Protein chains: 2
Amino acid sequence: MEPSIDPGASLKRTAHGVAPSLHVRLSDADAIPFPTRTVERGDALYCAGEPLRSLYTVQSGCFKTVSTYPGSDDDSTLHTQVTGFHFANETLGLDGVCTGRHESDAVALEPSVVRIMPVGILEPLCREYAAMQHTLLAIMSAEIVRASRLALMLGTMPARERVAAFLLDLSERLDASAATSGEHAVELSLPMTRADIGSYLGLELETVSRMLSKLQREGAIGLNGRQVRIVDRTMLAHH
Amino acid sequence: MEPSIDPGASLKRTAHGVAPSLHVRLSDADAIPFPTRTVERGDALYCAGEPLRSLYTVQSGCFKTVSTYPGSDDDSTLHTQVTGFHFANETLGLDGVCTGRHESDAVALEPSVVRIMPVGILEPLCREYAAMQHTLLAIMSAEIVRASRLALMLGTMPARERVAAFLLDLSERLDASAATSGEHAVELSLPMTRADIGSYLGLELETVSRMLSKLQREGAIGLNGRQVRIVDRTMLAHH
DNA sequence: CGGTCTGTTGATCTGAATCAAAAAGTGTGG
DNA sequence: CCACACTTTTTGATTCAGATCAACAGACCG
(Lines give C-alpha, C1' and ligand atoms only; values in the text may rest on other atoms or scores of the structure.)
Protein backbone atom coordinates (compact mmCIF):
# COMPACT_ATOMS: atom_id res chain seq x y z
CA MET A 1 0.00 0.00 0.00
CA GLU A 2 1.25 3.40 -0.91
CA PRO A 3 1.69 5.66 2.10
CA SER A 4 -0.65 8.59 1.89
CA ILE A 5 1.38 11.72 1.51
CA ASP A 6 0.24 15.06 2.86
CA PRO A 7 1.92 17.61 0.62
CA GLY A 8 1.90 21.37 0.35
CA ALA A 9 -1.78 21.61 1.07
CA SER A 10 -1.23 21.81 4.78
CA LEU A 11 1.84 23.99 4.52
CA LYS A 12 0.67 26.96 6.43
CA ARG A 13 2.02 30.30 5.31
CA THR A 14 2.21 33.27 7.59
CA ALA A 15 2.70 36.23 5.36
CA HIS A 16 3.68 38.66 8.08
CA GLY A 17 4.88 36.39 10.86
CA VAL A 18 8.50 36.40 11.92
CA ALA A 19 8.79 32.75 11.03
CA PRO A 20 6.56 30.77 8.74
CA SER A 21 5.32 27.89 10.79
CA LEU A 22 5.54 24.39 9.50
CA HIS A 23 2.42 22.37 10.08
CA VAL A 24 3.50 19.74 7.65
CA ARG A 25 3.52 16.05 8.14
CA LEU A 26 6.22 14.43 6.10
CA SER A 27 4.06 11.37 5.87
CA ASP A 28 0.94 9.97 7.36
CA ALA A 29 1.90 8.44 10.66
CA ASP A 30 -0.71 5.71 10.24
CA ALA A 31 0.70 4.59 6.92
CA ILE A 32 4.33 4.51 8.00
CA PRO A 33 4.46 3.99 11.75
CA PHE A 34 7.72 5.72 12.57
CA PRO A 35 8.87 5.13 16.13
CA THR A 36 8.55 7.87 18.72
CA ARG A 37 10.73 9.02 21.56
CA THR A 38 9.97 10.82 24.79
CA VAL A 39 12.31 13.55 26.04
CA GLU A 40 12.17 14.95 29.56
CA ARG A 41 12.25 18.63 30.31
CA GLY A 42 15.83 19.91 30.10
CA ASP A 43 17.13 16.86 28.26
CA ALA A 44 18.73 17.06 24.84
CA LEU A 45 17.15 15.31 21.87
CA TYR A 46 20.52 15.63 20.16
CA CYS A 47 23.70 17.63 20.56
CA ALA A 48 25.93 19.55 18.15
CA GLY A 49 28.59 17.34 16.65
CA GLU A 50 26.66 14.10 16.94
CA PRO A 51 26.27 12.21 13.66
CA LEU A 52 22.89 12.86 12.06
CA ARG A 53 20.84 9.71 12.39
CA SER A 54 17.29 11.00 12.06
CA LEU A 55 15.07 13.96 11.59
CA TYR A 56 12.41 14.56 14.20
CA THR A 57 8.89 15.89 14.08
CA VAL A 58 7.55 17.29 17.33
CA GLN A 59 4.35 15.51 18.29
CA SER A 60 3.82 17.21 21.62
CA GLY A 61 5.82 19.53 23.81
CA CYS A 62 8.40 22.12 22.82
CA PHE A 63 12.11 22.38 22.07
CA LYS A 64 14.72 25.08 21.79
CA THR A 65 17.70 24.76 19.46
CA VAL A 66 20.96 26.25 20.69
CA SER A 67 23.85 27.12 18.38
CA THR A 68 27.41 27.82 19.39
CA TYR A 69 29.90 29.86 17.46
CA PRO A 70 33.53 29.03 18.14
CA GLY A 71 34.92 32.54 18.44
CA SER A 72 38.50 31.52 19.04
CA ASP A 73 39.68 27.97 18.66
CA ASP A 74 40.38 27.28 22.30
CA ASP A 75 39.61 30.09 24.68
CA SER A 76 36.44 31.48 26.17
CA THR A 77 35.34 33.79 23.35
CA LEU A 78 32.62 31.44 22.19
CA HIS A 79 29.15 32.74 21.49
CA THR A 80 25.95 30.87 22.21
CA GLN A 81 22.41 31.66 21.14
CA VAL A 82 18.98 30.12 21.02
CA THR A 83 18.30 30.04 17.27
CA GLY A 84 14.83 28.56 17.35
CA PHE A 85 11.82 27.31 19.27
CA HIS A 86 9.96 24.32 17.90
CA PHE A 87 6.38 23.32 18.67
CA ALA A 88 4.05 20.55 17.59
CA ASN A 89 4.27 19.51 13.91
CA GLU A 90 7.56 21.28 13.36
CA THR A 91 10.66 19.47 12.15
CA LEU A 92 14.01 19.27 13.94
CA GLY A 93 17.46 18.38 12.68
CA LEU A 94 17.42 19.85 9.18
CA ASP A 95 20.56 21.87 9.78
CA GLY A 96 22.57 18.66 10.07
CA VAL A 97 21.87 17.38 6.58
CA CYS A 98 24.72 19.31 4.98
CA THR A 99 27.56 18.05 7.16
CA GLY A 100 26.01 14.81 8.35
CA ARG A 101 26.37 16.08 11.89
CA HIS A 102 24.02 18.12 14.02
CA GLU A 103 24.95 21.78 14.05
CA SER A 104 23.05 22.66 17.20
CA ASP A 105 21.67 21.22 20.43
CA ALA A 106 17.96 20.52 20.70
CA VAL A 107 16.71 20.75 24.27
CA ALA A 108 13.18 19.99 25.47
CA LEU A 109 11.51 22.87 27.30
CA GLU A 110 8.84 20.56 28.67
CA PRO A 111 8.21 16.82 28.54
CA SER A 112 7.96 16.15 24.81
CA VAL A 113 7.37 13.41 22.26
CA VAL A 114 8.95 13.31 18.81
CA ARG A 115 8.45 11.07 15.81
CA ILE A 116 11.73 9.67 14.52
CA MET A 117 12.46 9.59 10.79
CA PRO A 118 15.78 7.90 10.00
CA VAL A 119 17.68 9.85 7.36
CA GLY A 120 18.56 6.65 5.53
CA ILE A 121 14.92 6.02 4.82
CA LEU A 122 14.08 9.59 3.98
CA GLU A 123 15.97 10.12 0.74
CA PRO A 124 14.87 6.90 -0.97
CA LEU A 125 11.28 7.63 0.07
CA CYS A 126 11.51 11.09 -1.46
CA ARG A 127 12.81 9.62 -4.68
CA GLU A 128 9.78 7.35 -4.77
CA TYR A 129 7.08 9.87 -3.94
CA ALA A 130 7.15 13.22 -5.68
CA ALA A 131 4.76 14.85 -3.21
CA MET A 132 6.92 13.84 -0.28
CA GLN A 133 10.04 15.15 -1.97
CA HIS A 134 8.28 18.40 -2.67
CA THR A 135 7.16 18.70 0.92
CA LEU A 136 10.63 18.04 2.29
CA LEU A 137 12.09 20.70 0.01
CA ALA A 138 9.35 23.09 1.08
CA ILE A 139 10.08 22.45 4.74
CA MET A 140 13.77 23.07 4.29
CA SER A 141 13.15 26.18 2.25
CA ALA A 142 10.78 27.47 4.93
CA GLU A 143 13.51 26.89 7.47
CA ILE A 144 15.86 29.04 5.40
CA VAL A 145 13.25 31.77 5.34
CA ARG A 146 12.68 31.41 9.08
CA ALA A 147 16.37 31.80 9.85
CA SER A 148 16.67 34.76 7.49
CA ARG A 149 13.70 36.43 9.14
CA LEU A 150 15.39 35.99 12.50
CA ALA A 151 18.55 37.59 11.14
CA LEU A 152 16.49 40.44 9.73
CA MET A 153 14.85 40.93 13.11
CA LEU A 154 18.16 40.91 14.96
CA GLY A 155 19.74 43.23 12.46
CA THR A 156 17.05 45.88 12.11
CA MET A 157 14.48 45.95 14.91
CA PRO A 158 14.65 47.70 18.30
CA ALA A 159 14.02 45.70 21.47
CA ARG A 160 10.36 46.50 21.88
CA GLU A 161 9.52 45.48 18.33
CA ARG A 162 11.46 42.26 18.65
CA VAL A 163 9.51 41.21 21.71
CA ALA A 164 6.22 42.19 20.09
CA ALA A 165 7.05 40.29 16.90
CA PHE A 166 8.08 37.31 18.97
CA LEU A 167 4.73 37.21 20.74
CA LEU A 168 2.80 37.59 17.50
CA ASP A 169 4.79 34.81 15.89
CA LEU A 170 4.16 32.52 18.84
CA SER A 171 0.46 33.21 18.84
CA GLU A 172 0.27 32.33 15.13
CA ARG A 173 2.19 29.12 15.53
CA LEU A 174 0.33 27.96 18.58
CA ASP A 175 -3.19 28.39 17.28
CA ALA A 176 -2.96 25.10 15.42
CA SER A 177 -2.16 23.17 18.55
CA ALA A 178 -4.64 25.19 20.55
CA ALA A 179 -7.24 24.16 17.94
CA THR A 180 -8.62 27.67 17.90
CA SER A 181 -10.30 27.68 14.55
CA GLY A 182 -10.30 30.81 12.44
CA GLU A 183 -8.24 33.22 14.45
CA HIS A 184 -4.91 33.13 16.26
CA ALA A 185 -4.23 32.13 19.83
CA VAL A 186 -4.95 34.84 22.38
CA GLU A 187 -3.81 33.11 25.53
CA LEU A 188 -0.18 31.97 25.44
CA SER A 189 1.70 30.10 28.07
CA LEU A 190 5.37 30.55 27.31
CA PRO A 191 7.36 27.38 27.89
CA MET A 192 10.72 29.18 27.92
CA THR A 193 12.48 31.49 30.37
CA ARG A 194 13.11 35.19 29.82
CA ALA A 195 16.76 34.29 29.33
CA ASP A 196 15.82 31.94 26.48
CA ILE A 197 13.71 34.62 24.85
CA GLY A 198 16.48 37.15 25.28
CA SER A 199 19.06 34.85 23.77
CA TYR A 200 16.77 34.20 20.81
CA LEU A 201 16.08 37.91 20.29
CA GLY A 202 19.63 39.09 20.88
CA LEU A 203 18.65 40.89 24.09
CA GLU A 204 19.45 40.56 27.78
CA LEU A 205 16.81 38.93 29.95
CA GLU A 206 16.28 42.18 31.86
CA THR A 207 15.42 43.94 28.61
CA VAL A 208 12.89 41.24 27.71
CA SER A 209 11.27 41.61 31.11
CA ARG A 210 11.19 45.39 30.78
CA MET A 211 9.64 45.30 27.31
CA LEU A 212 6.98 42.83 28.41
CA SER A 213 6.14 45.09 31.33
CA LYS A 214 6.01 48.08 29.03
CA LEU A 215 3.71 46.29 26.57
CA GLN A 216 1.44 45.47 29.49
CA ARG A 217 1.45 49.06 30.75
CA GLU A 218 0.51 50.20 27.25
CA GLY A 219 -2.40 47.77 27.20
CA ALA A 220 -1.16 45.62 24.35
CA ILE A 221 -0.89 42.46 26.41
CA GLY A 222 -1.92 40.97 29.71
CA LEU A 223 0.95 39.53 31.67
CA ASN A 224 1.12 37.09 34.52
CA GLY A 225 4.45 35.32 34.71
CA ARG A 226 4.61 33.00 31.74
CA GLN A 227 0.94 33.51 30.93
CA VAL A 228 0.50 36.12 28.21
CA ARG A 229 -2.80 37.34 26.83
CA ILE A 230 -2.80 39.20 23.53
CA VAL A 231 -5.11 42.14 24.18
CA ASP A 232 -4.47 44.45 21.25
CA ARG A 233 -2.95 42.76 18.21
CA THR A 234 -2.77 45.96 16.18
CA MET A 235 -0.84 47.71 18.92
CA LEU A 236 1.68 44.89 18.89
CA ALA A 237 2.01 44.79 15.12
CA HIS A 238 2.23 48.52 14.46
CA HIS A 239 4.89 50.71 15.98
CA MET B 1 24.03 9.50 -21.45
CA GLU B 2 23.68 9.92 -17.75
CA PRO B 3 24.68 13.38 -16.56
CA SER B 4 27.71 13.16 -14.33
CA ILE B 5 26.76 14.29 -10.89
CA ASP B 6 29.16 15.99 -8.58
CA PRO B 7 27.94 15.16 -5.11
CA GLY B 8 29.10 15.93 -1.61
CA ALA B 9 32.72 15.41 -2.49
CA SER B 10 33.16 19.02 -3.46
CA LEU B 11 30.97 20.35 -0.71
CA LYS B 12 33.45 22.49 1.06
CA ARG B 13 33.05 22.74 4.79
CA THR B 14 34.31 25.67 6.75
CA ALA B 15 34.31 24.56 10.33
CA HIS B 16 34.83 27.99 11.83
CA GLY B 17 33.68 30.33 9.10
CA VAL B 18 30.62 32.46 9.57
CA ALA B 19 28.95 30.83 6.64
CA PRO B 20 29.83 27.49 5.10
CA SER B 21 30.48 28.19 1.48
CA LEU B 22 28.86 26.15 -1.21
CA HIS B 23 31.19 25.14 -3.95
CA VAL B 24 28.79 22.59 -5.27
CA ARG B 25 27.69 22.09 -8.80
CA LEU B 26 24.21 20.72 -8.93
CA SER B 27 25.15 18.97 -12.13
CA ASP B 28 27.92 18.95 -14.63
CA ALA B 29 27.35 21.86 -16.96
CA ASP B 30 28.73 19.90 -19.88
CA ALA B 31 26.31 17.05 -19.42
CA ILE B 32 23.22 19.20 -19.02
CA PRO B 33 23.81 22.50 -20.78
CA PHE B 34 21.57 24.77 -18.75
CA PRO B 35 21.16 28.22 -20.25
CA THR B 36 22.95 31.19 -18.74
CA ARG B 37 21.99 34.78 -18.19
CA THR B 38 24.04 37.93 -17.83
CA VAL B 39 23.06 40.55 -15.25
CA GLU B 40 24.47 44.06 -15.21
CA ARG B 41 25.75 45.73 -12.09
CA GLY B 42 22.84 47.04 -10.02
CA ASP B 43 20.22 44.99 -11.88
CA ALA B 44 18.00 42.45 -10.15
CA LEU B 45 18.19 38.78 -11.07
CA TYR B 46 14.83 38.40 -9.42
CA CYS B 47 12.65 40.32 -6.98
CA ALA B 48 10.65 39.36 -3.92
CA GLY B 49 7.14 38.27 -4.78
CA GLU B 50 7.93 37.06 -8.27
CA PRO B 51 6.92 33.46 -8.96
CA LEU B 52 9.84 31.09 -8.59
CA ARG B 53 10.78 29.90 -12.06
CA SER B 54 14.37 28.77 -11.56
CA LEU B 55 17.27 28.41 -9.22
CA TYR B 56 20.51 30.07 -10.21
CA THR B 57 24.14 29.18 -9.77
CA VAL B 58 26.58 32.06 -9.93
CA GLN B 59 29.17 31.43 -12.61
CA SER B 60 31.00 34.72 -12.34
CA GLY B 61 30.41 37.97 -10.50
CA CYS B 62 28.64 38.58 -7.22
CA PHE B 63 25.14 39.17 -5.86
CA LYS B 64 23.55 40.47 -2.72
CA THR B 65 20.17 39.23 -1.53
CA VAL B 66 17.95 41.80 0.16
CA SER B 67 15.03 40.87 2.41
CA THR B 68 12.20 43.10 3.52
CA TYR B 69 10.13 42.68 6.62
CA PRO B 70 6.65 44.21 6.45
CA GLY B 71 6.57 45.85 9.86
CA SER B 72 3.10 47.26 9.53
CA ASP B 73 0.79 46.41 6.70
CA ASP B 74 0.78 49.78 5.05
CA ASP B 75 2.94 52.43 6.61
CA SER B 76 6.65 53.10 6.64
CA THR B 77 7.76 50.77 9.45
CA LEU B 78 9.23 48.26 7.06
CA HIS B 79 12.68 46.84 7.67
CA THR B 80 15.19 45.98 4.98
CA GLN B 81 18.43 44.11 5.25
CA VAL B 82 21.07 42.48 3.10
CA THR B 83 20.80 38.84 4.16
CA GLY B 84 23.54 37.39 2.01
CA PHE B 85 26.34 37.82 -0.49
CA HIS B 86 26.76 35.20 -3.17
CA PHE B 87 29.91 34.47 -5.15
CA ALA B 88 30.91 32.00 -7.84
CA ASN B 89 29.50 28.47 -7.48
CA GLU B 90 26.92 29.49 -4.92
CA THR B 91 23.21 28.92 -5.43
CA LEU B 92 20.49 31.59 -5.45
CA GLY B 93 16.74 31.33 -5.02
CA LEU B 94 16.41 28.51 -2.51
CA ASP B 95 14.33 30.60 -0.13
CA GLY B 96 11.53 30.69 -2.68
CA VAL B 97 10.94 26.94 -2.82
CA CYS B 98 8.57 26.92 0.15
CA THR B 99 6.09 29.50 -1.09
CA GLY B 100 6.73 29.24 -4.82
CA ARG B 101 7.65 32.89 -4.79
CA HIS B 102 10.96 34.61 -4.22
CA GLU B 103 11.28 35.90 -0.68
CA SER B 104 14.05 38.37 -1.43
CA ASP B 105 15.61 40.48 -4.15
CA ALA B 106 18.86 39.34 -5.75
CA VAL B 107 20.92 42.24 -7.06
CA ALA B 108 24.20 41.98 -8.98
CA LEU B 109 27.09 43.87 -7.38
CA GLU B 110 29.12 43.62 -10.57
CA PRO B 111 28.46 42.33 -14.08
CA SER B 112 27.61 38.69 -13.45
CA VAL B 113 26.66 35.47 -15.19
CA VAL B 114 24.36 32.81 -13.73
CA ARG B 115 23.40 29.35 -14.82
CA ILE B 116 19.63 28.87 -14.91
CA MET B 117 18.04 25.70 -13.55
CA PRO B 118 14.27 25.61 -14.04
CA VAL B 119 12.54 24.32 -10.90
CA GLY B 120 10.27 22.13 -12.97
CA ILE B 121 13.24 20.11 -14.16
CA LEU B 122 14.96 20.01 -10.79
CA GLU B 123 12.60 17.82 -8.76
CA PRO B 124 12.20 15.07 -11.37
CA LEU B 125 15.96 15.06 -11.90
CA CYS B 126 16.52 14.64 -8.17
CA ARG B 127 14.08 11.74 -8.11
CA GLU B 128 16.11 10.11 -10.85
CA TYR B 129 19.59 10.64 -9.49
CA ALA B 130 20.21 9.96 -5.80
CA ALA B 131 23.50 11.85 -5.70
CA MET B 132 21.88 14.94 -7.14
CA GLN B 133 19.05 14.77 -4.65
CA HIS B 134 21.54 14.40 -1.86
CA THR B 135 23.51 17.40 -3.07
CA LEU B 136 20.44 19.58 -3.34
CA LEU B 137 19.41 18.70 0.20
CA ALA B 138 22.95 19.38 1.38
CA ILE B 139 22.95 22.78 -0.30
CA MET B 140 19.65 23.73 1.29
CA SER B 141 20.76 22.50 4.67
CA ALA B 142 23.98 24.50 4.37
CA GLU B 143 21.86 27.54 3.58
CA ILE B 144 19.94 26.99 6.81
CA VAL B 145 23.20 26.82 8.72
CA ARG B 146 24.47 29.93 6.96
CA ALA B 147 21.39 31.93 7.90
CA SER B 148 21.53 30.66 11.48
CA ARG B 149 25.19 31.64 11.74
CA LEU B 150 24.27 35.12 10.56
CA ALA B 151 21.58 35.32 13.22
CA LEU B 152 24.06 34.14 15.83
CA MET B 153 26.50 36.81 14.73
CA LEU B 154 23.87 39.55 14.82
CA GLY B 155 22.60 38.40 18.18
CA THR B 156 25.83 37.92 20.07
CA MET B 157 28.85 39.69 18.60
CA PRO B 158 30.03 43.28 19.04
CA ALA B 159 30.73 45.42 15.98
CA ARG B 160 34.46 44.80 15.74
CA GLU B 161 34.06 41.04 15.85
CA ARG B 162 31.31 41.10 13.25
CA VAL B 163 33.49 42.97 10.79
CA ALA B 164 36.46 40.69 11.50
CA ALA B 165 34.33 37.56 11.07
CA PHE B 166 32.92 38.98 7.86
CA LEU B 167 36.39 39.48 6.40
CA LEU B 168 37.50 36.00 7.43
CA ASP B 169 34.42 34.47 5.91
CA LEU B 170 34.94 36.34 2.67
CA SER B 171 38.56 35.30 2.44
CA GLU B 172 37.58 31.66 2.87
CA ARG B 173 34.89 31.80 0.25
CA LEU B 174 36.92 33.69 -2.30
CA ASP B 175 39.97 31.47 -2.26
CA ALA B 176 38.27 29.01 -4.58
CA SER B 177 37.65 31.62 -7.24
CA ALA B 178 41.08 33.12 -6.62
CA ALA B 179 42.47 29.62 -7.24
CA THR B 180 44.87 30.06 -4.35
CA SER B 181 45.61 26.45 -3.58
CA GLY B 182 46.13 25.38 0.00
CA GLU B 183 45.48 28.52 1.97
CA HIS B 184 42.83 31.21 2.01
CA ALA B 185 42.76 34.42 0.05
CA VAL B 186 44.89 37.21 1.46
CA GLU B 187 44.02 39.99 -0.94
CA LEU B 188 40.30 40.76 -1.12
CA SER B 189 38.59 43.27 -3.30
CA LEU B 190 35.19 43.90 -1.79
CA PRO B 191 32.50 44.24 -4.42
CA MET B 192 30.00 45.80 -2.03
CA THR B 193 29.69 49.21 -0.37
CA ARG B 194 30.17 49.90 3.33
CA ALA B 195 26.43 50.41 3.52
CA ASP B 196 25.85 46.90 2.15
CA ILE B 197 28.27 45.43 4.67
CA GLY B 198 26.63 47.40 7.46
CA SER B 199 23.17 46.25 6.47
CA TYR B 200 24.37 42.65 6.39
CA LEU B 201 26.07 42.92 9.79
CA GLY B 202 23.33 44.93 11.46
CA LEU B 203 25.55 48.02 11.75
CA GLU B 204 25.59 51.53 10.35
CA LEU B 205 27.99 52.21 7.51
CA GLU B 206 29.97 54.61 9.69
CA THR B 207 30.55 51.86 12.22
CA VAL B 208 31.81 49.51 9.52
CA SER B 209 34.21 52.17 8.30
CA ARG B 210 35.42 52.85 11.83
CA MET B 211 35.99 49.18 12.61
CA LEU B 212 37.90 48.66 9.38
CA SER B 213 40.09 51.64 10.22
CA LYS B 214 40.63 50.30 13.71
CA LEU B 215 41.58 46.85 12.41
CA GLN B 216 44.08 48.54 10.14
CA ARG B 217 45.52 50.65 12.97
CA GLU B 218 45.94 47.47 15.00
CA GLY B 219 47.80 45.84 12.15
CA ALA B 220 45.31 43.07 11.47
CA ILE B 221 44.54 44.18 7.92
CA GLY B 222 45.80 46.45 5.22
CA LEU B 223 43.15 48.78 3.87
CA ASN B 224 42.90 50.78 0.68
CA GLY B 225 39.33 51.58 -0.22
CA ARG B 226 37.74 48.30 -1.27
CA GLN B 227 41.07 46.51 -1.37
CA VAL B 228 41.67 44.59 1.85
CA ARG B 229 44.77 42.59 2.69
CA ILE B 230 44.58 40.10 5.53
CA VAL B 231 47.80 40.71 7.45
CA ASP B 232 47.26 38.87 10.72
CA ARG B 233 44.61 36.15 10.57
CA THR B 234 45.00 35.21 14.23
CA MET B 235 44.43 38.79 15.32
CA LEU B 236 41.19 38.85 13.32
CA ALA B 237 39.99 35.50 14.62
CA HIS B 238 40.81 35.96 18.28
CA HIS B 239 39.36 38.78 20.35
C1' DC C 1 12.91 25.93 55.87
C1' DG C 2 17.35 27.34 53.47
C1' DG C 3 18.91 27.09 48.63
C1' DT C 4 18.54 27.57 43.79
C1' DC C 5 16.21 29.29 39.83
C1' DT C 6 13.29 32.78 37.90
C1' DG C 7 11.40 37.28 37.21
C1' DT C 8 10.94 42.33 38.16
C1' DT C 9 12.62 46.91 38.73
C1' DG C 10 16.10 50.63 39.52
C1' DA C 11 20.69 53.14 38.70
C1' DT C 12 24.55 53.63 35.94
C1' DC C 13 27.53 52.99 32.03
C1' DT C 14 28.86 52.24 27.25
C1' DG C 15 28.98 50.78 22.39
C1' DA C 16 27.00 51.98 18.50
C1' DA C 17 23.61 55.21 16.32
C1' DT C 18 22.98 59.64 14.84
C1' DC C 19 24.27 64.14 13.26
C1' DA C 20 27.66 66.69 10.73
C1' DA C 21 31.26 67.78 7.52
C1' DA C 22 34.81 67.11 4.55
C1' DA C 23 37.68 64.20 1.53
C1' DA C 24 38.17 60.78 -2.02
C1' DG C 25 36.31 58.23 -5.85
C1' DT C 26 33.43 57.51 -10.06
C1' DG C 27 31.11 58.65 -14.00
C1' DT C 28 29.22 62.08 -17.50
C1' DG C 29 29.18 65.18 -21.06
C1' DG C 30 31.26 69.23 -23.04
C1' DC D 1 41.17 66.38 -20.73
C1' DC D 2 38.76 68.75 -17.42
C1' DA D 3 34.71 70.44 -14.82
C1' DC D 4 30.71 68.99 -12.65
C1' DA D 5 27.52 66.22 -10.13
C1' DC D 6 27.00 62.40 -7.44
C1' DT D 7 28.14 58.52 -4.69
C1' DT D 8 31.09 56.53 -1.36
C1' DT D 9 34.17 56.75 2.50
C1' DT D 10 36.32 58.62 6.49
C1' DT D 11 36.50 61.02 10.79
C1' DG D 12 34.69 63.81 14.67
C1' DA D 13 31.06 65.23 18.26
C1' DT D 14 27.00 64.09 20.60
C1' DT D 15 23.18 61.20 22.01
C1' DC D 16 20.66 57.22 23.38
C1' DA D 17 18.96 52.35 23.61
C1' DG D 18 20.14 48.63 25.75
C1' DA D 19 23.86 46.30 28.60
C1' DT D 20 25.56 45.85 32.96
C1' DC D 21 25.46 46.00 37.92
C1' DA D 22 22.59 45.47 41.90
C1' DA D 23 18.84 44.44 44.93
C1' DC D 24 14.77 42.11 45.93
C1' DA D 25 10.54 39.07 45.54
C1' DG D 26 8.28 34.83 44.34
C1' DA D 27 8.30 30.02 42.95
C1' DC D 28 9.81 25.58 43.27
C1' DC D 29 12.14 21.76 45.59
C1' DG D 30 14.88 18.59 48.16
Side-chain angles (χ1 to χ4, degrees), chain A residues 40-43 64 77 79-82 107-111 153-167 188-218 221-228 239, chain B residues 40-43 62 64 77 79-82 107 109-111 153-167 188-218 221-228 239:
Chain A
E40 289 310 312
R41 180 177 163 233
D43 286 355
K64 65 174 172 183
T77 327
H79 301 282
T80 291
Q81 188 184 24
V82 173
V107 178
L109 293 173
E110 52 189 65
M153 192 157 93
L154 296 180
T156 65
M157 301 195 337
R160 186 210 134 104
E161 257 180 273
R162 293 188 205 183
V163 174
F166 172 74
L167 292 176
L188 310 177
S189 97
L190 309 180
M192 71 292 281
T193 67
R194 304 287 194 256
D196 284 330
I197 300 173
S199 172
Y200 179 68
L201 297 177
L203 302 170
E204 288 306 309
L205 64 94
E206 295 97 324
T207 306
V208 174
S209 181
R210 269 185 249 276
M211 292 306 147
L212 286 173
S213 301
K214 177 186 278 196
L215 288 172
Q216 183 182 35
R217 246 178 288 127
E218 293 170 354
I221 65 172
L223 188 61
N224 179 22
R226 293 193 180 181
Q227 287 292 325
V228 177
H239 240 285
Chain B
E40 289 310 312
R41 180 176 165 234
D43 286 356
C62 175
K64 65 174 173 182
T77 326
H79 302 282
T80 292
Q81 187 184 25
V82 173
V107 178
L109 294 172
E110 52 189 65
M153 191 156 95
L154 296 180
T156 65
M157 302 194 336
R160 188 211 133 105
E161 259 180 89
R162 291 187 207 184
V163 173
F166 172 74
L167 291 177
L188 310 176
S189 99
L190 309 180
M192 71 291 283
T193 67
R194 304 287 194 256
D196 284 331
I197 299 174
S199 172
Y200 178 68
L201 297 177
L203 302 171
E204 288 306 310
L205 64 96
E206 295 97 323
T207 306
V208 174
S209 180
R210 269 185 250 276
M211 293 305 147
L212 286 172
S213 301
K214 178 188 279 197
L215 288 172
Q216 182 181 35
R217 247 178 290 126
E218 294 170 354
I221 64 172
L223 187 62
N224 180 22
R226 294 193 179 181
Q227 287 293 323
V228 177
H239 241 288

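What you are looking at is a predicted structure, and each value in this text was computed from that prediction instead of being measured. We use all heavy atoms of the structure for the numbers below, so side chains are in, but hydrogens, waters and symmetry mates are not.
Between C:dT9, C:dA16, C:dT8, one nucleotide has an atom nearer to the side chain of B:Pro158 than all others, and that is C:dA16. The side chain of B:Leu203 lies closest to C:dA17, out of C:dG10, C:dA17, C:dT18. Here the nucleotide nearest the side chain of B:Glu204, chosen from C:dT18, C:dT9, C:dT8, is C:dT18. Closest to the A:Thr193 side chain, of the nucleotides C:dG7, C:dA17, C:dT8, is C:dG7. In the set C:dT8, C:dG27, C:dC19, the nucleotide with an atom closest to the side chain of B:Arg41 is C:dG27.
Atom-to-atom, CZ of A:Arg210 to P of C:dA11 comes out at 11 Å; the value is rounded to the nearest Å. As rounded to whole Å, 13 Å separates atom P of C:dG27 from atom CD of B:Glu40. To the nearest angstrom, C1' of C:dT8 lies 10 Å from CG of A:Leu205. Rounded to whole Å, the distance from CG on A:Leu212 to C1' on C:dT9 is 13 Å. The CG-P distance, from B:Leu154 to C:dA17, rounds to 12 Å in whole Å. Counting to the nearest Å, the P atom of C:dT26 and the CD atom of B:Gln227 are 11 Å from each other. A straight line from CG of B:Asn224 to P of C:dG25 spans 7 Å, rounded to a whole angstrom.
The minimum heavy-atom distance between A:Leu154 and A:Tyr200, with the atom names listed, is CD2-O, 3.8 Å. Between A:Gln81 and A:Gly202, the closest heavy-atom pair is NE2-N, 4.1 Å. Nearest heavy atom pair, residue B:Arg217 against residue B:Arg210, reads NH2-O, 4.4 Å. Taking each heavy atom of B:Leu109 and B:Met192 in turn, the nearest pair found is CD1-CB, 3.9 Å.
Residue-level contact check: B:Arg226 touches the backbone only, with heavy atoms under 4.0 Å from sugar-phosphate atoms and none from bases. Note on A:Gly198: nothing from the nucleic acid sits closer than 4.0 angstrom, heavy atoms only.
A:Gln216 places no side-chain N or O within 3.5 Å of a backbone atom of A:Ile221 that could act as its donor or acceptor partner. Under a 3.5 Å cut-off, the side chain of B:Ser209 and the backbone N or O of B:Leu205 do not form any donor-acceptor pair. A distance-only check finds a donor-acceptor pair linking the side chain of B:Arg162 to the backbone of B:Met157 [under 3.5 Å].
Residue-to-nucleotide proximity on DNA chain C shows that, of B:Glu206 and A:Met192, the 5′-proximal contact is made by A:Met192.
The span of DNA chain D lying next to chain A, judged by atoms under 4.0 Å from heavy atoms, is bounded 5' to 3' by D:dG18 to D:dC21.
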